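These figures come from a predicted structure and were not determined experimentally. Note on naming: letters A, B, ... go to the chains in the order of the sequence lines (proteins, then strands), and numbering restarts at 1 for each one.
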Amino acid sequence: MAFIEIIFYVFSSILVLTSLGVILFKNPVYSAISLILSFITSAALWLLLQAEFLAIVLILVYVGAVMVLFLFVVMMLNISDVIRTSRFNKIAPFALFIGLIIVGELITLIWIRSDQFSMTSSPISVLDTSVGNTTLLGTALFTDYLYSFEIAGFILLLAIVVSISLTLRRREGLKRQIVSEQVNIDPTKRMKLVDLKSEKN
Amino acid sequence: MINIIKPIIPELTLAAGICLMVLVNSFIRTPHRSTSQILAVLTLVIATATAVPLFNHDVEILFNGQFIIDPLAIGLKISAYVAVLLVVLSTTINEKINQSEILLIELFATLGISIICSAANLLTIYLGLETLALSLYGLVAANKNSIESTEAAMKFFILGVIASAIFLYGISLIYGIYGTLNINLLNVMIVNNTLELKIAVGFILCGIAFKFGAIPFHSWVPDTYQGASTPVALFISTAPKIAAFALLYRLLIDAFISISETWVVMIYALGMISLIIGNLIAISQNNFKRLLGYSAIGHIGFIFLGIATGTKDGLESSLFYLLIYVLMTMVAFMVIEVLSSKHREVKLLKDFKDLNSSHPWLSLIMLFSMCSMIGIPPFAGFYAKWSVLSSLVEANMVYTAIIAILMTVVAAFYYLRVIWFIYFEKTNQEIGQPESTILQKAVVSFTGIAILLIGLYPKPILDFCRQIISSNLLLD
């Protein structure tokens, strides 16, 4: 067994265990944290396939942004007493059914794939390893897809403008920081020394 | 380098104007509305001025097949810029809603329209569509303190997202079949009319019909027109329709012309249903803005019927109808905008009672707009209806033309009712002195008189449409 395969099986088993943890933990915070661990292990699996960009993006976007947001929500809402019910409620059979369908689809997919394309070696050797795929992706984005890329940038700017204009409510009597006054403050006028007569015993 | 930059100067101008406006708005403590209005007007004027010389530019595809410059793109861009310019000029300055943001988001929407007009790739089309749609959601929701507006925005947002998802699914099917998103390549590659292609075109057509607001994808139109504040409704009813035409043209003509027999049937069905149901429901409306919403659906039906002829004449007349429709509906909304004051919004039909005795000039302009929408000569709407009907007759669709004329008669009822309220109903309720500026009144008068002038001499606009459509080599 090659070294790379040992790493693969280690990460895969961690992935399976943490995914089970997501649904089996009673405490939603534990579930969220094991989901984070499962994301990180999947990122490691992607690294094994030399898809380093996907790995980085998975960690940055899902772990860095989405899951942190998730944890915030879980911690801010006091849902601990709501969730204390049975793990398998009425939805469980339905969820099991959907899960079985997905598993079936995956098995057929792998079946067809192994029938039509004989996987001779590990997919690592298929890729051109001389240039990293981050470089390739960056080059494509800034040359072939420059126009679309710039439009996407403007869509993000638009999203910022719209969301701020929808949530910002101007009201009277708001206490704001006035930078110019803070900078121009005279230190000598800041403190007043007062002589206090000491008490005599 | 300059050759690559030159065709996208209008878009660059808009982008630069947007960035400048964001900066200026964030540095001014109390947003002075007139500053952003001046900036918006300036941006649009420069964009129009740079777009006009490009009208005779050679057809060229730039940015690795993502951007196309041809007379259709430039012609529609110019029309959209002029429409937005008139909208911006007539927007009331009002503390109730954040006007500076509205103007900024309208510029974003104009950028989206430009992108759609000169898109040569399904990816670019989708990005332009999202830019436009996102800014429209923001515009409808801008009136934060009104429950009606929030409800309309919510409905519009959810329906719009679903339509966008369906559209995207169609695009993904196309990509799955042909492995490319490039419209020119697609046009060459599509030879067989397969089932999966039909499904994909159907999905894409759902997205287009939603943008137009054709029945059965119409339910956002009346709610949005009614719920949004008047300047926003004015914007939504005009420029995005031009973008919808560009969208339809780029996809159905540029990419799927070889399977036109599939989509012509769908367009015909959509047009027929919109024409009949839109006009029938409009009869029972008491809210004038809602009435304009349903009347818009009826007009869209007319535009779709013109396209469904599948001929060059039909497309020309549809484009002509679209431009005239934009002008007419703009005038109707502008009159409401001018009449409404800070405390009182004119929206119900009965608010128009006896308008003639207090505002004779505005009543006359409203009369122009309504008569033009019915299609009474010598107003512009008559030529628009006439050109669509004649192209229908030329394409041997006489029964369709007869139904269209019948629906025009039905439509005449509710337009005439508005005129009846203005001129013949008596009321003791004064409409009050509006707070509109001289500039607004001048813009309303200008557009109102334009309806009459185009009706008397429609040739320049007709030639403009002919030049745009006839430049396409794919049409025979």
Side-chain angles (χ1 to χ4, degrees), chain A residues 53-54 57 61 65-66 101-102 105-106 108-109 112-113 116-117 126-127 131 133 135-184, chain B residues 4 8 11-12 14-15 18-19 21-22 25-26 29-31 62-67 95 97-102 104-105 107-109 111-112 114-116 118-145 150 153 157 181:
Chain A
F53 182 75
L54 280 177
V57 164
V61 174
V66 176
I101 288 180
I102 294 173
E105 279 175 349
L106 282 177
T108 4
L109 206 66
I112 291 169
R113 201 181 147 82
Q116 290 183 350
F117 319 96
V126 179
L127 288 169
V131 196
N133 58 24
T135 319
L136 288 176
L137 207 64
T139 318
L141 269 186
F142 284 99
T143 54
D144 295 350
Y145 293 94
L146 178 70
Y147 185 60
S148 319
F149 187 69
E150 296 294 329
I151 300 170
F154 263 89
I155 293 180
L156 286 180
L157 178 63
L158 169 68
I160 295 171
V161 169
V162 170
S163 52
I164 289 178
S165 82
L166 285 184
T167 48
L168 182 71
R169 290 188 187 269
R170 294 190 182 86
R171 56 188 166 90
E172 295 299 310
L174 211 62
K175 288 190 172 59
R176 277 221 180 82
Q177 188 182 20
I178 302 168
V179 180
S180 56
E181 281 184 21
Q182 287 179 333
V183 171
N184 292 328
Chain B
I4 305 173
I8 59 160
E11 279 85 1
L12 287 180
L14 281 175
I18 288 168
C19 295
M21 235 165 122
V22 171
N25 276 351
S26 45
R29 174 64 56 81
T30 44
L62 298 163
F63 292 102
N64 196 34
Q66 307 210 5
F67 181 94
E95 282 84 21
I97 33 184
N98 296 325
Q99 224 68 45
S100 51
E101 273 114 48
I102 282 194
L104 176 59
I105 300 171
L107 277 193
F108 267 112
L111 181 67
S114 286
I115 293 165
I116 296 174
S118 56
N121 190 305
L122 295 183
L123 178 68
T124 333
I125 283 197
Y126 179 70
L127 287 172
L129 200 66
E130 279 307 291
T131 316
L132 178 60
L134 272 179
S135 35
L136 292 187
Y137 306 145
L139 282 176
V140 177
N143 194 357
K144 284 176 290 195
N145 300 322
T150 314
F157 177 68
L181 292 173

* **side-chain contact (heavy atoms from CB on, under 4.5 Å) partners for A:Phe149, two or more places apart** =>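 Counting only residues at least two positions away or on another chain, A:Phe149 forms a side-chain contact (heavy atoms from CB on, under 4.5 Å) with A:Leu141, A:Phe142.
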
[atom1]-[atom2] distance between [X] and [Y], expressed to the nearest 0.5 angstrom:
| X | Y | atom1 | atom2 | value |
| --- | --- | --- | --- | --- |
| B:Thr131 | A:Phe154 | OG1 | CZ | 10.0 Å |
| A:Tyr147 | B:Glu11 | OH | CD | 5.0 Å |
| A:Leu166 | B:Thr150 | CG | OG1 | 9.5 Å |
| A:Ser163 | A:Leu158 | OG | CG | 9.0 Å |
| B:Leu134 | B:Ile105 | CG | CD1 | 10.5 Å |

* Let me know if B:Ile18 has heavy atoms under 4.5 Å from chain A in its side chain, its backbone, both or neither. =>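 Just its side chain gets close to chain A.
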
* To do: Let me know if B:Leu62 has heavy atoms under 4.5 Å from chain A in its side chain, its backbone, both or neither.
  =>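 Interface part for B:Leu62: neither.
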
* **Residue list, ring-ring contact (aromatic ring centres under 6.0 Å, His included) with A:Tyr145, at least two apart or on another chain** =>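 Not a single residue meets the ring-ring contact (aromatic ring centres under 6.0 Å, His included) criterion with A:Tyr145.
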
* Any residue meeting ring-ring contact (aromatic ring centres under 6.0 Å, His included) with B:Phe108, in chain and number order, not counting sequence neighbours ->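 Per chain and number, B:Phe108 pairs via ring-ring contact (aromatic ring centres under 6.0 Å, His included) with no residue.
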
* Name the member of A:Val161, A:Val162, A:Asp144 that forms the most heavy-atom pairs with chain B at distances under 4.5 Å. =>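 That would be A:Asp144.
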
* **chain A-proximal positions within residues 119-127 of chain B [heavy-atom distance under 4.5 Å]** =>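 If one takes a 4.5 Å heavy-atom cut-off, the residues of residues 119-127 of chain B near chain A are B:Leu123, B:Thr124, B:Leu127.
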
* **Toward chain B, the part of A:Ile164 with a non-hydrogen atom under 4.5 Å** =>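 No part of A:Ile164 comes within 4.5 Å of chain B.
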
* **Max heavy-atom pair count under 4.5 Å with chain A, selected residue of B:Gly128, B:Ala15, B:Gly138** =>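 Most pairs with chain A among the choices: B:Ala15.
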
